[in-house]
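As structure tokens, the structure follows; a few thoughts come after it.
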Number of protein chains: 2
Amino acid sequence: MDVRAEILRVATRLFATRGFDGTSLQSIAEEVGIRKPSLLYHFASKEQLRLAVLDELLARWSDVLPRLLMAAAGGEPRFATVMREAVGFFAEDPDRARLLVREILDRPDDMRVRLDKYVRPWVDIVADYIRRGQESGEVHELVDPEAYVLQIINLVVSGVAAAASLQGGLLPADSERGDPTQRHARELVRIARYSLFRAPEEGEEARPPARRTRSELRANEE
Amino acid sequence: MDVRAEILRVATRLFATRGFDGTSLQSIAEEVGIRKPSLLYHFASKEQLRLAVLDELLARWSDVLPRLLMAAAGGEPRFATVMREAVGFFAEDPDRARLLVREILDRPDDMRVRLDKYVRPWVDIVADYIRRGQESGEVHELVDPEAYVLQIINLVVSGVAAAASLQGGLLPADSERGDPTQRHARELVRIARYSLFRAPEEGEEARPPARRTRSELRANEE
DNA sequence: CCTACCGATCGGTAGG
DNA sequence: CCTACCGATCGGTAGG
């Protein structure tokens, strides 16, 4: 039906999986079910397609990020929830994370401009909340607010990208701690929290996103 | 003189910068100062060249990692030093980090096997030290040892890769906190430490690492 | 380590 | 949205 949208969908997946240079227009057209020149009717060049894919990605990020980061103003009690949402945003469609990482590697100059425009303002806002937390004593004094936020974003995006590619390969299955993806996500949230707050509320971040059993909690507390 | 080594050097840099698919044998040969068929005399195919580049990378990693991780057994007092060395290993030649990240994205199946062989044993060793730290009360109970180590490795490698590409673009210069690279490195070490130890020794990681770190690195290379 | 050359595939265009 | 086709470049080979 909507061929243009379908092209974008397929291109996003292939760019994320094989990279921009590793993906031919031919292979995209094939999967969409059209010929290459037809694809070039919708997008004037491969470069235009790349930009369209990236724009769509960052547009969604821009929808979600503000709400997410504002919620971070809730301080410690809201923290784990916000973090889990952030991880969820990327984990739900890991191509986003893989594409972001690839673009940073492949087109650093383009990406620096984009990140400066889309991400930086929100980094500053969260950094201010952190500074306020430092004044109130809730947050560790030695936290470097901007650097902290960027490190955590990096941790989330790169973590999801790597996990998507490796499919949690390095973490052995552990019946007590849940599947590898859950373990990674949980530990990520815990690291972010313990490195920020002076007195993190114990046990909170051990809760899996959806359902959770007593035995899982107990396993974590051992 | 040693053409083969020169090819490897150039290829490593170009693969890291433009990616494997984005780098032609022609462009490598040009920079080395030979013709393409001459390059193919040293490496039978582009794929062979890729494997050789990767082998060299992981061989050095294997030299450094063990010593590094064993030092982690020193507990909290040794922690910041070990972390700074790890960051230094990648920061000193960011192509290593960029190449690793690229390979994980481009050849996840190959990399899973390699990481399982080269990295996993050391992850297990450090995880055991962490568990001992948990028993002694030095380390937070809720740390998931394996997941923690993998997240920190991810943080170091991805952080250096991103910083190398973006050239610290998102962090503004701040005369009080030092240059962006230093700020990132310092905050990274702080995050790793505060999320691990129950009572991190305040102030330690705030020390400007300029001269100290470099001389430590040099001492390591001997 | 070179010149000369190969088939395959690339992104893109002409023209309908 | 298609068929037909373009020049450029790709990885790789023959032969010296």
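Lettering follows sequence order; numbering is per chain, from 1.
Closest to the A/K46 side chain, of the nucleotides D/dC10, D/dG12, C/dG12, is C/dG12. Nearest nucleotide to the B/H42 side chain, out of C/dC10, D/dG11, C/dC1: C/dC1.
Legend: residues meeting side chain to side chain contact (heavy atoms under 4.5 Å, CB included) with B/L14, ordered by chain and number and at least two apart, are B/V10, B/R18, B/T23, B/S27, B/I28, B/E31.
Heavy atoms of A/L25 sit under 4.0 angstrom from primed sugar atoms or phosphate atoms, though from no base atom. If you check every strand for non-hydrogen atoms under 4.0 Å, B/I34 touches sugar and phosphate atoms only. Contact annotation for B/T23: backbone-only contact, meaning every heavy-atom pair under 4.0 Å involves sugar-phosphate atoms and none involves a base.
Cation-pi check for A/R114 over A/Y118 is not met; the charged atom does not lie both under 6.0 angstrom from the ring centroid and within 45 degrees of its normal. A cation-pi arrangement is found for A/R107 relative to A/F20, the charged atom lying closer than 6.0 Å to the ring centre and inside a 45° cone about the ring normal.
We find that CD of A/E47 is positioned 9 Å from P of C/dG12, with the value rounded to whole Å. Between the CG atom of A/L39 and the P atom of D/dC2 there is a distance of 10 Å, rounded to whole Å. One can place CD of A/Q48 at 11 Å from P of C/dT13, the figure rounded to the nearest angstrom. What separates CZ of B/F43 from C1' of C/dC1 is a distance of 15 Å, to the nearest Å.
Salt bridge annotation for B/D116-B/R120: present, with a cationic side-chain nitrogen under 4.0 angstrom from a carboxylate oxygen.
For the helix from C/dC1-D/dG16 to C/dG16-D/dC1, the terminal axes (five pairs an end, C1' atoms, rotation from four pairs onto the next four) enclose an angle of 0°, given to 10 degrees.
For B/S24 and D/dC10, the shortest distance from a side-chain N or O to OP1 or OP2 is below 4.0 Å.
Screening B/L58, B/V149, B/I153 for a side chain to side chain contact (heavy atoms under 4.5 Å, CB included) with B/V119, the sole residue that qualifies is B/I153.
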Between the protein and nucleotides 3-5 of chain C, list every N/O to N/O distance that falls short of 3.5 Å.
from	atom 1	to	atom 2	distance (Å)
C/dT3	OP2	B/R35	NE	3.2

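Residues A/M111 and A/L100 form a side-chain contact, since some pair of their non-hydrogen atoms from C-beta on lies under 4.5 Å apart.
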